[in-house]
Colleague: 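This structure is in structure tokens; I'll ask about it shortly.
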Number of protein chains: 2
Amino acid sequence: MSQTVDRALSILPLLAQGPADLGQVAERLGVHKSTALRLLRTLHEHGLVYRQEDQRYRLGARLFALAQEAVENLDVREIAHSHLVALNDRCGHTVHLAVYEEQEVLYIDKVESRYPVRMYSRIGKPVAITVAAVAKLLLADLTEPERRVIAEKLDYPMYTPRSTPDAAAFLKELAVVREQGWATDLGGHEESINCIGAPIRGADGRVVAAMSVSAPNVVVTAEELLTLLPLVRRTADTISREYSGTNRPKKV
Amino acid sequence: MSQTVDRALSILPLLAQGPADLGQVAERLGVHKSTALRLLRTLHEHGLVYRQEDQRYRLGARLFALAQEAVENLDVREIAHSHLVALNDRCGHTVHLAVYEEQEVLYIDKVESRYPVRMYSRIGKPVAITVAAVAKLLLADLTEPERRVIAEKLDYPMYTPRSTPDAAAFLKELAVVREQGWATDLGGHEESINCIGAPIRGADGRVVAAMSVSAPNVVVTAEELLTLLPLVRRTADTISREYSGTNRPKKV
DNA sequence: AAGTTCGTTGCAACATATGCAACACCCATT
DNA sequence: AATGGGTGTTGCATATGTTGCAACGAACTT
């Protein structure tokens, strides 16, 4: 690995927390100010870092543009998008698409609910991994040891009384999800919001993404939401087939 | 500047266009494969780059997380957000917040319309700079030479017949906007969508952000939308005052 | 006007990144 | 099976590029 690059990249998460001046960056990086300056300059040239009027640095615009471009070029997303929109047309609720990557689950697409009550979520935002239906689906597909390692490492914030309380409960839930091929989140993240989700699989059968439909209690009860399950699963299967078509089975 | 970092960062926009394998990266970077490998590895360690199953590299999840965190920590956004929501409550239309940075204009917040017809835009997405109301507001505040330089450099895509056709027209429009203190986009980006916008100013009077309200013809006519102008301007002014309060005038 | 703090530059010493060549691996071909 | 082209990967010697220092400059405070 490259030390210089390593240091430069360490600046990014540091600035993500908020603007910082040269001295602070140098200190938190453990290098001389002049070194930090040159690194920041390079980052600046690439637009990843921006220098505001008060001379302090913060993350730059190109970072957003990059993230944006990247997410739009994801194969699954491209294929899934129109199906998600169609699903939203039929049921009216918020539809999410998420992927798992290096211990994180994140939304890569979202179609907003037709109803005025909206959920707080955003593309690129890390998902509440211990409770979200999509997270359960994605993690349930990992191997047993992988699941255990991750489950141990996670925090289990009690967003609501119905949140997953600990690793044991989470692993149990993952087993259920794995078994049944779909997942729910009934008020585990926000008291009044329920979700149902289904996995999207590649040609080799592995789960490559997960989708979910979310709706608040005030619009439909959990029971009513569950009646949509067949529709959601059908949509996910359709996307799976289309995705498998473009991505031939891996020859491993 | 640092050559190593420079090379490493050059990989990002390259991958933004789509996944690439080691050889391709090395070639487009003009370096030896082994060098490219080490750079990619470092990027990978920081989560900026992800290695998919077919061994090819693409941009990684942390990039989104970073962008997300950064945008949430922007002072203007934090202050403006509740006001944008309140405005949306009153008028029901889509509300945008945007900033200018290094020749680019981008959305940093958005409150979705209550109506089913939605606009395609996304936080972090570069704005259609030659036609959007927010872009006009932000650029209008630059100095005359700056405006000219940028106007010359831009492309003028004719999204619709009402799009800004060329640099001359754009500069003229900017002058008008600068004079009147508000801006519109009447079908210049999408035929059936109109926007009105107002600037948010810092304590020194400079425009730090711009906000806009967008609505499709099918919901309200352009004339009706314009009746919201006082409300939009008042909201922008309120945000300006609050923002100026936290960011004392620069002593230059 | 003197003193502090912060960003910036030139330079010499050294650590680090570089390209090479050889290796290991997978898949396709014969 | 064996061969060959295509990957990605490793160790190593060279020299290039990065580092920290110290000194400078600018802006703000006292």
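First the proteins, then the strands, lettered A, B, ... as listed; each starts at 1. Atoms considered below: every heavy atom in the structure, side chains included; atoms not considered: hydrogens, waters and symmetry mates. Since the model is a prediction, treat every value here as computed from it, not as a measurement.
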Colleague: Please tabulate the protein-to-nucleotide N/O contacts below 3.5 Å involving nucleotides 24-26 of chain D, giving atom names and distances.
Modeller:
none

Colleague: Which pairs pass salt bridge (Lys or Arg N to Asp or Glu O under 4.0 Å) with one or both residues in residues 127-141 of chain A, sequence neighbours excluded?
Modeller: K136(A)-E173(A), D141(A)-R206(A)
Colleague: Does any residue of residues 13-29 of chain A have a heavy atom under 4.0 Å from DNA chain C, and if so, which ones, in number order?
Modeller: D21(A), L22(A), G23(A)
Colleague: Angle, rounded to 10°, between the helical axes spanning five pairs at each terminus of the helix from dA1(C)-dT30(D) to dT30(C)-dA1(D)?
Modeller: 30°
Colleague: Can you sort out which residues in residues 35-52 of chain A have a heavy atom within less than 4.0 Å of DNA chain C? Ascending by number, please.
Modeller: L37(A), R41(A), R51(A)
Colleague: Got a sec, which pairs hit salt bridge (Lys or Arg N to Asp or Glu O under 4.0 Å) with one end in residues 3-30 of chain A, sequence neighbours left out?
Modeller: none
Colleague: Output all residues satisfying salt bridge (charged side-chain N to carboxylate O under 4.0 Å, His left out) with R148(B), sequence neighbours left out; order by chain, then residue number.
Modeller: E144(B)
Colleague: I'd like to check the side chain to side chain donor-acceptor pair (under 3.5 Å) partners of H32(A); sequence neighbours left out, ordered by chain and number.
Modeller: S34(A)
Colleague: Y100(B): which residues meet the ring-ring contact (aromatic ring centres under 6.0 Å, His included) condition with it, sequence neighbours left out?
Modeller: none
Colleague: Sequence neighbours excluded, which residues qualify as side chain to side chain donor-acceptor pair (under 3.5 Å) partners of E146(B)?
Modeller: T143(B)
Colleague: Taking only residues two or more places apart in sequence, or in another chain, which ones meet E45(A) in a salt bridge (charged side-chain N to carboxylate O under 4.0 Å, His left out)?
Modeller: none
Colleague: Going by atom type alone, with no hydrogens or angles, which donor-acceptor pairs under 3.5 Å involve a side-chain atom of residues 56-63 of chain A and a protein atom two or more places apart or on another chain?
Modeller:
unit_1 : atom_1 : unit_2  : atom_2 : d
R56(A) : NE     : D54(A)  : OD2    : 2.9
R56(A) : NH2    : D54(A)  : OD2    : 3.4
Y57(A) : OH     : R51(A)  : NE     : 3.4
Y57(A) : OH     : R51(A)  : NH1    : 3.2
R58(A) : NE     : Q52(A)  : OE1    : 3.1
R58(A) : NH1    : E101(B) : OE1    : 3.2
R58(A) : NH2    : E101(B) : OE1    : 3.4
R62(A) : NH2    : E104(B) : OE2    : 2.9

Colleague: Both R7(A) and K33(A) contact DNA chain C. Which one's nearest nucleotide lies toward the 5' end?
Modeller: K33(A)
